[in-house]
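Okay, so here's the structure we're looking at.
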Number of protein chains: 2
Amino acid sequence: MALEHAILVSLAERSASGYDLARRFDASIGNFWKASHQQIYKVLGRMEAQQLVEASLVEQDGRPDKKVYAITADGRLELARFSATPTPPEVLRSELAVKLRALPFGDRDAVVASVRARRVQHEEKLAYYSESSQRFYPDAEHVPQDQLGSWLVLRGGILAEETGLAWCDEILQALGAER
Amino acid sequence: MALEHAILVSLAERSASGYDLARRFDASIGNFWKASHQQIYKVLGRMEAQQLVEASLVEQDGRPDKKVYAITADGRLELARFSATPTPPEVLRSELAVKLRALPFGDRDAVVASVRARRVQHEEKLAYYSESSQRFYPDAEHVPQDQLGSWLVLRGGILAEETGLAWCDEILQALGAER
DNA sequence: CCGTACTATGCATCGAGTTGCATCGCTACC
DNA sequence: GGTAGCGATGCAACTCGATGCATAGTACGG
């Protein structure tokens with residue numbers, strides 16, 4: 001149930017409407033946790049009932065009104081409690097790996113195409129992360145304490161994409177395909 | 001719905017009972033796709049109704065009878081069709097990343113403990129993969145064609161664990177903690 | 001004035017997967 | 001004789017998330 005906690009973190013960093021959160025979950029937070037706006041609204045409703053967050057209606061002109069959510073004291077407690085919880089191992093599910101294993105029974109060229117597509121995705125995300133890294137943390141040796149977590153998450157993303165890229169290259173080479 | 005296809009691959013490699021499959025999904029296949037025995041039995045039932053697999057009752061002495069499943073012609077077709085399908089990007093959900101991002105609002109020592117635990121997991125899996133690699137593919141330069149897929153999946157596992165390990169070390173260093 | 005696009009919020013349905021529980025056969029150990 | 005443990009199969013309840021659909025206000029271009 002870590003979507004709840006991802007939302008708490010995001011609201012602790014800065015209060016936001018459901019719509020704002022949905023956009024964050026498509027960008028910065030989305031780098032390590034994905035969620036649709038429907039899911040977010042549903043969970044926000046539950047969290048408000050549990051008094052982990054509180055909403056205030058903000059009237060806007062030029063655009064529809066919105067409900068801005070803020071984390072409560074209870075929410076901060078829950079976030080701290082979660083932070084102190086042991087982290088279960090992550091379960092990986094790789095459809096690409098299934099297809100690789102299915103190579104003797106499947107379509108080699110199509111799998112190569114999938115790997116090429118995956119490679120492009122890794123390249124794009126890596127480029128995006130690298131750009132973010134240079135923009136927000138130009139001095140990698142001196143990252144401010146309060147941004148340490150975000151920086152480490154970004155580093156994890158970069159490492160993961162580099163590795164994904166390297167794996168794709170290894171696959172393509174083994175299958176005798178050009179990049 | 002790739003559990004279905006993971007089962008098809010496994011049965012194409014060798015026929016097995018639900019129980020056998022459950023063990024495979026805890027070991028070799030489990031390296032890239034996890035499933036509980038309950039889930040496996042449920043899906044096997046559906047797949048038998050769809051005639052992707054067929055069961056034959058095997059009476060054993062010294063242990064309970066079992067139903068051994070084999071892939072059908074339809075199953076092989078479905079597997080080939082799946083293999084030729086574009087692969088959707090993988091959605092990552094990292095609870096550890098949520099906790100890192102939550103560092104300013106949480107328990108630094110507890111997060112360090114989580115990272116240390118995660119590091120041990122990576123070490124163990126890496127050791128297991130490396131051992132498998134040396135045992136089954138002693139000559140990495142000359143892997144037989146029919147085992148190429150399995151080899152590449154194993155390589156992916158090794159790369160991922162090495163990277164996970166490296167990330168943990170980077171985190172521990174940044175947080176000023178020893179290994 | 002009409003269509004398109006963006007902001008903003010939500011419901012309803014369905015499938016996949018997790019968790020807990022249950023049953024049965026047989027072996028091995030104390 | 002009892003019980004712990006493994007092989008073997010499955011049902012039931014529930015949660016999470018994906019997908020599709022619905023609605024409403026406002027801005028802007030043509």
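None of the values given here were measured: they were computed from a predicted structure. Every chain is numbered from 1, with letters handed out A, B, ... down the list of sequences.
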Value in whole Å for how far the C1' atom of dT23(C) lies from CD of Gln38(B): 14 Å

Below 4.0 Å: OP1/OP2 of dG25(C) and any side-chain N or O of Lys66(B): no

Salt bridge present between Arg23(A) and Asp20(A) (N-O < 4.0 angstrom): yes

Among Arg118(B), Lys99(B), Gln121(B), side chain to side chain donor-acceptor pair (under 3.5 Å) partner for Thr87(A): Lys99(B)

Hphob cluster co-occupancy, Leu77(B) + Val43(B), side-chain heavy atoms under 4.5 angstrom: no

Passing option when His5(A) is tested against Trp33(A), Phe82(A), Phe32(A) for ring-ring contact (aromatic ring centres under 6.0 Å, His included): Phe82(A)

Nucleotide dT9(C), atom P - distance to CE of Met47(A) in whole Å: 15 Å

Distances for protein N/O vs nucleotides 13-18 of chain D N/O pairs under 3.5 angstrom?
unit_1, atom_1, unit_2, atom_2, d
dG17(D), OP2, Gln39(A), NE2, 2.8
dA18(D), OP1, Arg93(B), NH2, 3.0

CA sep, side-chain torsions, deciding dist, call: Arg119(A), Leu165(A), side chain to side chain contact (heavy atoms under 4.5 Å, CB included): CA-CA 6 Å; Arg119(A) 191 183 186 284; Leu165(A) 202 52; 3.6 Å; yes

Heavy-atom side-chain contact between Ile158(B) and Glu162(B) under 4.5 Å: yes

Side-chain (Ser132(B)) to main-chain (Tyr128(B)) donor-acceptor, under 3.5 angstrom: yes

Atom-pair distance (CG on Asp65(B); P on dG25(C)), nearest Å: 10 Å

Whole-Å distance separating the CG atom of Leu44(A) from the P atom of dA8(C): 14 Å

Whole-Å gap separating P (dC11(D)) and CD1 (Ile40(B)): 15 Å

Whole-Å gap separating P (dT18(C)) and CG (Asp26(B)): 12 Å

Gln173(B) atom CD, neighbour heavy-atom count above 12 within 6.0 Å: no

DNA chain C-proximal residues of residues 74-82 of chain A, any heavy atom under 4.0 Å: none

Salt bridge (Lys or Arg N to Asp or Glu O under 4.0 Å) pairs, two or more places apart, involving residues 41-64 of chain A: Glu4(A)-Arg46(A)

Footprint string (nucleotides 23-30 of chain D, 5' to 3'): B base within contact, S backbone only, - free, heavy atoms under 4.0 Å: --BSS---

ILVMFWY network linking Met47(B) to Val68(B), side-chain heavy atoms under 4.5 angstrom: no

Heavy atoms from other residues, nucleotides or ligands near CD of Gln51(A) exceed 12 (cutoff 6.0 Å): no

Glu13(A) and Ser28(A): CA distance, side-chain angles, deciding distance, side chain to side chain contact (heavy atoms under 4.5 Å, CB included) verdict: CA-CA 12 Å; Glu13(A) 289 173 356; Ser28(A) 62; over 6 Å; no

Note, Glu124(B) side chain near Val120(B) side chain (heavy atom, < 4.5 Å): yes

Length of the NE2-C1' vector between His37(B) and dG17(C), whole Å: 13 Å

Distance in angstrom units between Tyr41(B) OH and dC24(C) C1', rounded: 12 Å

Stretch residues 9-23 of chain A: residues that reach within less than 4.0 Å of DNA chain C through a heavy atom: Ser17(A), Gly18(A), Tyr19(A), Arg23(A)

ILVMFWY cluster membership beyond Tyr41(B) - transitive side-chain contacts under 4.5 angstrom: Tyr19(B)

